[in-house]
Amino acid sequence: MDTQVSSQPQKVAKRKIRVATTSLSGCFGCHMSLLDIDERILQLIEVVEFDRSPITDIKHCGPCDIGLIEGSVCNSENVHVLREFRDNCNVLIAFGACAVAGGLPAQRNHLDIGDALREVYCDRTGLGKQIPNDRELPLLLDKVHPINEVVRVDYFIPGCPPSGDTIWKFVTDLIAGHMPRLEHPLLKFD
Ligand code: SF4
């Protein structure tokens, strides 16, 4: 464990801080990094309770203090979920390169989305010859967007992914009522 990250969440809140997390068009690597806080999660859950998150079974984001968003905005469902988080979270955080700036998925932005779908679903063997069009499927957007192009964002944590120590420092600063500060080596962009 990085000894520079020694702060603990302060038990200053009378009620637990409510935190929601989601992965839009992410790879869940940022959430794996969140779990990289390892045993410190036991300290965290003394002061935090989780709302909608991949680690709970809550289907919709309710009123929360903090929302952590992984992943960029690639399709209509991402837009819907992101707006729900913005409507319900006092503080919204983009964590990870995809949410901050589009990340690797934004490499498709120089392609025509129709050409890309046709190449994957029609031109390759073994996948049939039809672009999936069931109404249950969210429509892809023409371009991949960082989340601040869709909603207002309060904080950005770069990194692909940000490390567990980085997420820990940032979130515990916030919970303690401090302006989060990430200094070298916690601040990185790869
Ligand atoms: S920032 Fe990196 S680790 Fe996080 S969702 Fe994007 S690709 Fe995955």
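Atoms within a ligand are numbered from 1 in the order they appear, just like the ligands themselves. Heads up: numbering here begins at 1 and tracks the sequence. Everything numeric here is computed off the predicted structure, so don't read it as measured data.
Ordered by chain and number, Cys27 SG make up the set of protein N, O or S atoms under 2.8 Å of atom 8 (Fe) of ligand 1.
Under 3.5 Å, the side chains of Ser163 and Thr166 contain a donor-acceptor pair of N or O atoms.
Heavy atoms of other residues, nucleotides or ligands lying less than 6.0 angstrom from CG of Asp57 number 12 at most.
By the 4.0 Å N-to-carboxylate-O rule, Asp87 lies too far from Arg83 to be salt-bridged with it.
Without hydrogens or angle criteria, Asn109 side chain to Val144 main chain gives a donor-acceptor distance under 3.5 Å. Proximity of a side-chain donor or acceptor of Lys188 to a complementary backbone N or O of Pro161 within less than 3.5 Å is detected.
For residues 19-40, the pairs satisfying ring-ring contact (aromatic ring centres under 6.0 Å, His included) are Phe28-His31, His31-Phe95, with sequence neighbours left out.
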